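Please read the structure below before turning to the comments.
All figures in this text were calculated on a predicted structure; none of them were measured in a lab. Numbers restart at 1 for each chain; the letters A, B, ... are given by sequence-line order, proteins then strands.
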Number of protein chains: 2
Amino acid sequence: MQVEPWSPPPVLLTVDLVILTLRRGRMCILLVERGEDPFQGRLALPGGFLNHAGEEILDAAHRELSEETALTAGWVHLEQLATYGDAGRDPRGRVVSVAHLAIAPRLPEPVAGTDAADAAWVPAEAVLSGEAELAFDHLRIVRDGIERARTKLEFSALATAFCGELFTIVELQQVYEAVWGTELDTRNFYRKVQAVKGFIVPAGSERRSTGGRPARLYRAGPQTALFPPLIRPVPPTAEENTREEGD
Amino acid sequence: MQVEPWSPPPVLLTVDLVILTLRRGRMCILLVERGEDPFQGRLALPGGFLNHAGEEILDAAHRELSEETALTAGWVHLEQLATYGDAGRDPRGRVVSVAHLAIAPRLPEPVAGTDAADAAWVPAEAVLSGEAELAFDHLRIVRDGIERARTKLEFSALATAFCGELFTIVELQQVYEAVWGTELDTRNFYRKVQAVKGFIVPAGSERRSTGGRPARLYRAGPQTALFPPLIRPVPPTAEENTREEGD
DNA sequence: ACAAAAGTGTTAATACTACACCCATGC
DNA sequence: GCATGGGTGTAGTATTAACACTTTTGT
């Protein structure tokens, strides 16, 4: 049927970043205010087009990450999340975005005056609840990214990416509590993480705090897969609650 | 720095498919023999370019799936896997592929004479071990796809996608055994899957086999997330074995 | 009756939760 | 000493794995 030479339709490729960090015990996400159309003035994920035809996708993600956060690469976790290419998602034409998930230890206030007109850490909760209206299909990407982070905390050592090089077990617990939005028992958490071989390794020294026994310091271990996993507690559902009464 | 109007570099977008099914108790993957350069004659994943600039990515994946398998869509699971865009992966230029994972009940022999010069079900094990040399970076995509399938079997109801509309519990178990490459205890598996509410629901009737007690038939239930999950057994490592002797 | 496949009961080991309790430091 | 936060012990409970056992069919 296709006789004359046919060439496939080209598309424009962007990378978008869901950058998560912890600030004052809450999980926050970096959003920028768009300086130009479309969606001028709206909040959006950091990101942009490939620089040149030969640029690797992962390199482009790293580039956007350092442009936005002035981050010394190496201490940041970066992985591909998913690809979003709905035909109508960008009014400029067929733009396909490869979204990435980045996790970093507490970062400085965003650097205004660079590429992004304005950048800010926004509590993840506020974004998920719809308080902030995002450009494009970025709300969906944020939802997928946060869900990915929550799940990976259960089965991988991703939580250490939220901490600096050295951290205490309680600090690690606060990561889990902030990302999951739950409270955990300090004592049980303490033993669970130590039961997973290679998750965290003692760093020898201790950290003094505002009074109280000093905490031992740890650093991330070689293990990336957690076994046994740290299962996220499920808030009891209404059905389960009514069960006991009914019987 | 960028004064004159700049336009982002366009790329070509393809979809590739990792199609898995069960044949004679083994997990197999559909591969086609490439009829043209590059990699003419090599085995590759089914896939192709977008048809036109407005075609949705998921639609393109569905189109390639039905071209290759003559599948009555609806009884097949299809999800996005990941995006592969290394600059050097395709000698024709900058080609970015959005890979998808498809799971289907036992399919008929592949239909030759259509788009693909030749298509065949190849045991997944043979591909993973490197017996078959694949074109492009398709081996990596296959590895990622199979790993995704193995993991999703633990936490989602994906296994039912390998079965027809009606199936017995033992048939479901054979899916797990084939995909994971392990053996499971029939009796414990029986109760585990029934303990997950909404995973499988009784279909009422029974199936007669070649002698022995008839098995009850089930169909896939509404639940997509499995709780509690069916954890994949880990073959004991050498370290764990030497531990007992050494101490 | 016997073989084969489906389905049930039981038990020992394991893992998890909740909480009492002890330890080390600053003030 | 005592408040504060770090770390340990333990008992009751839920899950799990292993396997003996019963049920229902075809031949």
Side-chain angles (χ1 to χ4, degrees), chain A residues 25 153-155 163 166-177 180 182-197 199-219 226-237 240-241 243-244 247, chain B residues 25 154-155 163 166-177 180 182-197 199-219 226-236 240 243-244:
Chain A
L153 244 55
E154 298 188 87
F155 304 100
C163 302
L166 298 178
F167 50 88
T168 68
I169 291 189
V170 173
E171 282 168 1
L172 191 65
Q173 177 182 344
Q174 286 161 354
V175 171
Y176 277 87
E177 291 182 331
W180 284 348
T182 60
E183 296 204 340
L184 302 173
D185 184 292
T186 317
R187 291 75 60 93
N188 292 335
F189 183 85
Y190 188 89
R191 276 168 297 193
K192 270 189 182 177
V193 294
Q194 294 199 115
V196 182
K197 290 200 226 316
F199 182 13
I200 57 173
V201 296
S205 49
E206 296 181 337
R207 172 174 296 170
R208 272 134 241 280
S209 51
T210 67
R213 179 171 172 174
R216 294 198 263 259
L217 286 173
Y218 294 81
R219 68 180 78 243
L226 262 41
F227 192 85
L230 294 165
I231 301 296
R232 167 169 30 158
V234 261
T237 64
E240 280 167 348
N241 286 342
R243 255 293 171 87
E244 298 183 4
D247 196 300
Chain B
E154 299 187 86
F155 304 102
C163 303
L166 298 178
F167 52 87
T168 69
I169 291 187
V170 173
E171 284 168 0
L172 191 65
Q173 177 182 344
Q174 286 161 353
V175 171
Y176 277 87
E177 291 182 330
W180 284 349
T182 59
E183 296 204 339
L184 301 173
D185 184 290
T186 318
R187 290 77 56 93
N188 291 335
F189 183 85
Y190 188 88
R191 275 168 298 193
K192 269 189 182 176
V193 294
Q194 293 200 112
V196 183
K197 292 202 226 316
F199 182 15
I200 57 173
V201 296
S205 51
E206 295 181 339
R207 171 174 296 169
R208 269 131 245 284
S209 51
T210 65
R213 178 171 174 173
R216 296 198 262 261
L217 286 172
Y218 294 82
R219 68 179 79 244
L226 262 41
F227 192 86
L230 294 165
I231 301 296
R232 162 168 36 155
V234 262
E240 280 167 346
R243 252 299 169 85
E244 297 183 3

Rounded to whole Å, the CD-C1' distance (B/Gln174 to C/dA5) equals 12 Å
Taking ring-ring contact (aromatic ring centres under 6.0 Å, His included) as the test, write out the residues that go with A/Tyr176, two or more places apart.
-> A/Trp180, A/Phe189
State which residues pass side chain to side chain donor-acceptor pair (under 3.5 Å) with B/Arg213; sequence neighbours excluded, sorted by chain then number.
-> none
Quick one: list whatever passes side chain to side chain donor-acceptor pair (under 3.5 Å) with A/Gln173, sequence neighbours left out.
-> A/Glu177
Can you sort out the partners of A/Pro229 under side chain to side chain contact (heavy atoms under 4.5 Å, CB included), two or more places apart, ordered by chain and number?
-> A/Phe155, A/Phe227, A/Ile231
Once you build an axis from the first five pairs and another from the last five of the helix from C/dA1-D/dT27 to C/dC27-D/dG1, how far apart in angle are they, to 10 degrees?
-> 10°
Who pairs with B/Glu171 by side chain to side chain donor-acceptor pair (under 3.5 Å), at least two apart in sequence or on another chain?
-> B/Arg207
Across all chains, not counting sequence neighbours, the salt bridge (charged side-chain N to carboxylate O under 4.0 Å, His left out) partners of B/Arg187 are B/Asp185
Hits for salt bridge (charged side-chain N to carboxylate O under 4.0 Å, His left out) against B/Arg219, two or more places apart or cross-chain, chain-then-number order -> B/Glu165
Rounded to the Å, how far apart are A/Phe167 CZ and D/dG6 P?
-> 15 Å
In whole angstroms, how far is the P atom of D/dG5 from the CD1 atom of A/Ile169?
-> 17 Å
Using the side chain to side chain contact (heavy atoms under 4.5 Å, CB included) rule, take A/Gln194 and A/Ile169 through it: C-alpha gap first, then chi angles, then the decisive distance, then the call.
-> CA-CA 9 Å; A/Gln194 294 199 115; A/Ile169 291 189; 3.9 Å; yes
Could you check how far CZ of B/Phe189 sits from C1' of D/dA18, rounded to whole Å?
-> 17 Å
When the distance from CG of B/Leu172 to C1' of C/dG7 is rounded to whole Å, what number comes out?
-> 16 Å
Test salt bridge (charged side-chain N to carboxylate O under 4.0 Å, His left out) applied to B/Glu154 - qualifying residues, sequence neighbours left out | B/Arg232
Contacts of B/Pro228 meeting side chain to side chain contact (heavy atoms under 4.5 Å, CB included) (sequence neighbours excluded), chain-then-number -> B/Val196
Residues B/Tyr218, B/Leu172; criterion side chain to side chain contact (heavy atoms under 4.5 Å, CB included); working and verdict = CA-CA 10 Å; B/Tyr218 294 82; B/Leu172 191 65; over 6 Å; no
How does protein contact run along nucleotides 13-21 of chain C, one letter per nucleotide 5' to 3', with B for base contact, S for sugar-phosphate only, - for none, heavy atoms under 4.0 Å?
-> ----BBBBB
Just the table, please: protein N/O against nucleotides 25-27 of chain D N/O, every pair under 3.5 Å.
residue	atom	partner	partner atom	Å
D/dT25	O2	B/Gly212	N	3.3

Can you tell me if the side-chain N/O atoms of B/Tyr190 get under 4.0 Å from OP1 or OP2 in C/dT8?
-> yes
Please state how far atom CD in A/Gln194 lies from atom P in D/dG9, giving the value in whole angstrom units.
-> 12 Å
Starting from P on C/dA6, measure out to CG on B/Leu217 and report it in whole angstrom.
-> 11 Å
